[in-house]
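Right, one structure below, let's go through it.
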Amino acid sequence: MKKEINGKTKIIGVIGKNIENSLSPLIHNQIILKYSLNFCYLPFQVTETNLTKTIQGIKALNIRGVNITFPYKEKVIEFLDELEESARRIGAVNTIVNNKGFLTGYNTDVIGFKKSLQEDGKFVIKEKKAVILGAGGAARAVVYALLEEEIEEICIFNRTLEKAKKIKQDLSSFFPKSHISVFPLEKEDLKNKIEKSHLLVNTTSIGMAPRVDNTPLPDEKLFHPNILVYDLIYHPAKTLFLRQAERAEANVINGLPMLVYQGIESFYLWTGLKPEGKEVLEIVRQIA
Ligand code: ATR
């Protein structure tokens, strides 16, 4: 199958700082090919100083929409005309839709995370306990997703405690019954909380290529077999964090299913077409 670009081809893409290793172009162009759509998904590597012009460029060039990735998920908000509710509450946007020059921001990471947990992790969120490592934009979407599904308790561990406190403050106001506690990344507290948790999620960039020898947990003895260990990183496919978790006989899940599912939701917003998640995940696993 060969893709034909012509005068009617609609452009979609991804905007980020270091996107050479992004799998999004591959995922979206595979979907485009499979359904013979007249779209093309491109990577746009953008520096911080050019972000304003880039967003103006989406309108000027009539680009149908873009994904937003690290480190612009929060910074783009000020340039948008409207925010969908969860993106506004979370304070982060990973998808922009351009409707004749009117830009709306969405956060499809929430549904991507939920779906990957439920379908690939076979995990029921309701009334469970989770430990979250990190307190950046990705952590915000993860915490929001868990709260929406009525998790019983969330413990956020972060190097910079203030950022974890801010997530608690921002998100607990939308979920009055939520139980969120925050801690610095210290071993004793981690041990106490991980022991009693059903889910452990790494939302930090620690362990991502090229620094594959790093891991966010100070001691691999903190893992246990009764916990689902989730790393949002997908490059490498198995981080040291996940390999150590597997050694402790925990079930693990990497960032690829979430990337695919959030991508499918974004794709739907741009094209009105929603491919089957499992099928796309299979294709991506074979070629990534
Ligand atoms: P994203 O939008 O992908 O979540 P981010 O907002 O930059 O990216 O957040 C990255 C997270 O990884 C943060 O929680 C960050 O900790 P700080 O809030 O203290 O900066 C965490 N992180 C990144 N590198 C780290 C490191 N070497 N040690 C500890 N935490 C780290």
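How far CG of Asn226 is from OG of Ser197: 11.5 Å, rounded to the nearest 0.5 Å. Note that the CG atom of Asn107 and the CD atom of Glu84 stand 7.5 Å from one another [nearest 0.5 Å]. The structure places CG of Leu42 at 8.0 Å from CD1 of Ile63, a figure rounded to the nearest 0.5 Å. Here Cys40 contributes atom SG and His28 contributes atom NE2; the two are 12.0 Å apart, rounded to the nearest 0.5 Å. Rounding to the nearest 0.5 Å places CG of Leu281 at 9.5 Å from CD of Glu119. The CG atom of Leu80 lies 4.5 Å from the CD1 atom of Ile96; values are rounded to the nearest 0.5 Å.
A donor-acceptor contact shorter than 3.5 Å is absent between the side chain of Asn251 and the backbone of Leu228. For the pair Arg140 (side chain) and Ile90 (backbone), a donor-acceptor distance under 3.5 Å is present. Here the side chain of Lys17 pairs no donor or acceptor atom with the backbone of Pro71 at under 3.5 angstrom. Of the possible polar contacts, none joining the Tyr261 side chain to the Thr108 backbone as a donor-acceptor pair under 3.5 Å is found. A donor-acceptor pair under 3.5 Å is formed between the side chain of His224 and the backbone N or O of Ile194. Judged purely by atom type and a 3.5 angstrom limit, Arg88 has no side-chain atom pairing as donor or acceptor with the backbone of Leu83. No donor-acceptor pair closer than 3.5 Å links the side chain of Glu149 to the backbone N or O of Ile125. A donor-acceptor distance shorter than 3.5 angstrom exists from the side chain of Asp81 to the backbone of Leu103, with no hydrogens or angles considered. When atom types are taken as modelled, the side chain of Asn29 and the backbone of Tyr41 share a donor-acceptor pair closer than 3.5 angstrom. One N or O on the side chain of Thr271 and one on the backbone of Phe267 form a donor-acceptor pair closer than 3.5 Å.
The nearest pair of heavy atoms linking Ile19 to Gly16 is CG2-CA, 3.8 Å. The two atoms that bring Ala87 and Val93 nearest to each other are CB-CG2, 4.0 Å, heavy atoms only. Smallest separation of non-hydrogen atoms from Asn158 and Ala135: OD1-N, 3.3 Å. A pairwise comparison of heavy atoms in Ala139 and Ile132 identifies CB-CG2, 4.3 Å as the closest pair. Looking at every heavy atom in both residues, Val76 comes nearest to Lys73 through CG2-O, 3.9 Å. Summarising the geometry of Gly277 relative to Ile264, their closest heavy-atom pair is CA-CD1, 3.4 Å, with the distance given to 0.1 Å.
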Point to revise | Lys165 and Glu162: CA distance, side-chain angles, deciding distance, salt bridge (Lys or Arg N to Asp or Glu O under 4.0 Å) verdict | key: CA-CA 5 Å; Lys165 284 186 184 163; Glu162 281 313 308; 3.4 Å; yes

Check your understanding: When you look at Asp231 and Asn202, which way does the side chain to side chain donor-acceptor pair (under 3.5 Å) test go after all the steps?
Key -> CA-CA 5 Å; Asp231 200 331; Asn202 175 37; 3.1 Å; yes

Point to revise | Intermediate values then yes/no, salt bridge (Lys or Arg N to Asp or Glu O under 4.0 Å), Lys114 and Glu148 | key: CA-CA 10 Å; Lys114 268 190 207 178; Glu148 266 195 339; 2.6 Å; yes

Exercise for review: With side chain to side chain donor-acceptor pair (under 3.5 Å) as the test, would you mind laying out the steps for Ser266 and Asn67 before giving the verdict?
Suggested key: CA-CA 7 Å; Ser266 304; Asn67 282 130; 3.1 Å; yes

**Study point:** Full working for side-chain contact (heavy atoms from CB on, under 4.5 Å) between Val284 and Leu256
**Key:** CA-CA 9 Å; Val284 175; Leu256 194 61; 4.0 Å; yes

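Lys193 pairs by the side-chain contact (heavy atoms from CB on, under 4.5 Å) definition with Val131, Glu153, Cys155, Phe157, Phe183, not counting sequence neighbours. By the salt bridge (Lys or Arg N to Asp or Glu O under 4.0 Å) test, Glu195 is found to be paired with Lys191, residues two or more places apart in sequence or in another chain being considered. Take Ala138 and apply the side-chain contact (heavy atoms from CB on, under 4.5 Å) test, not counting sequence neighbours, and it matches Thr203, Leu232. By the salt bridge (Lys or Arg N to Asp or Glu O under 4.0 Å) test, Lys163 pairs with no residue at all, sequence neighbours left out.
Ionic pairing of Glu85 and Arg89 is present here: one or more N-O contacts between side-chain nitrogen and carboxylate oxygen are shorter than 4.0 angstrom. Taking the charged nitrogens against the carboxylate oxygens, Lys278 and Asp120 do have a contact shorter than 4.0 Å, which makes a salt bridge.
Aromatic ring pairs are classed by plane angle as parallel below 30°, tilted from 30° to 60° and perpendicular above 60°; the pair Phe113 and Tyr230 is tilted.
Summarising the local packing, OH of Tyr268 is surrounded by 12 or fewer heavy atoms from other residues, nucleotides or ligands at distances under 6.0 Å. A 6.0 Å sphere centred on CD of Glu220 holds more than 12 heavy atoms belonging to other residues, nucleotides or ligands. Crowding of Lys10 atom NZ: a count of heavy atoms from other residues, nucleotides or ligands under 6.0 Å not exceeding 12.
Counting only heavy atoms from C-beta outward, the side chains of Asn99 and Arg64 approach each other to under 4.5 Å.
Sorted by first and then second residue, the salt bridge (Lys or Arg N to Asp or Glu O under 4.0 Å) pairs with a member in residues 36-58 read Glu48-Lys75; sequence neighbours excluded.
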Enumerate, atom names and distances included, each donor-acceptor pair closer than 3.5 Å involving a side-chain atom of residues 205-219, sequence neighbours excluded.
unit_1, atom_1, unit_2, atom_2, d
Asp219, OD1, Lys221, N, 2.9
Asp219, OD2, Lys187, NZ, 2.9

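The only option from Lys126, Glu127, Lys177 that meets the side-chain contact (heavy atoms from CB on, under 4.5 Å) definition with Glu152 turns out to be Glu127. When the options Leu117, Asp109, Ile111 are evaluated for a side-chain contact (heavy atoms from CB on, under 4.5 Å) with Met258, the one that passes is Asp109.
The six-membered or imidazole ring of Phe174 lies away from that of Tyr144, with a centre-to-centre distance of 6.0 Å or more. For Phe241 and Phe223, the distance between ring centers is under 6.0 angstrom.
Both tests pass for Lys128 against the ring of Phe123: distance under 6.0 Å to the centre and angle within 45° of the axis.
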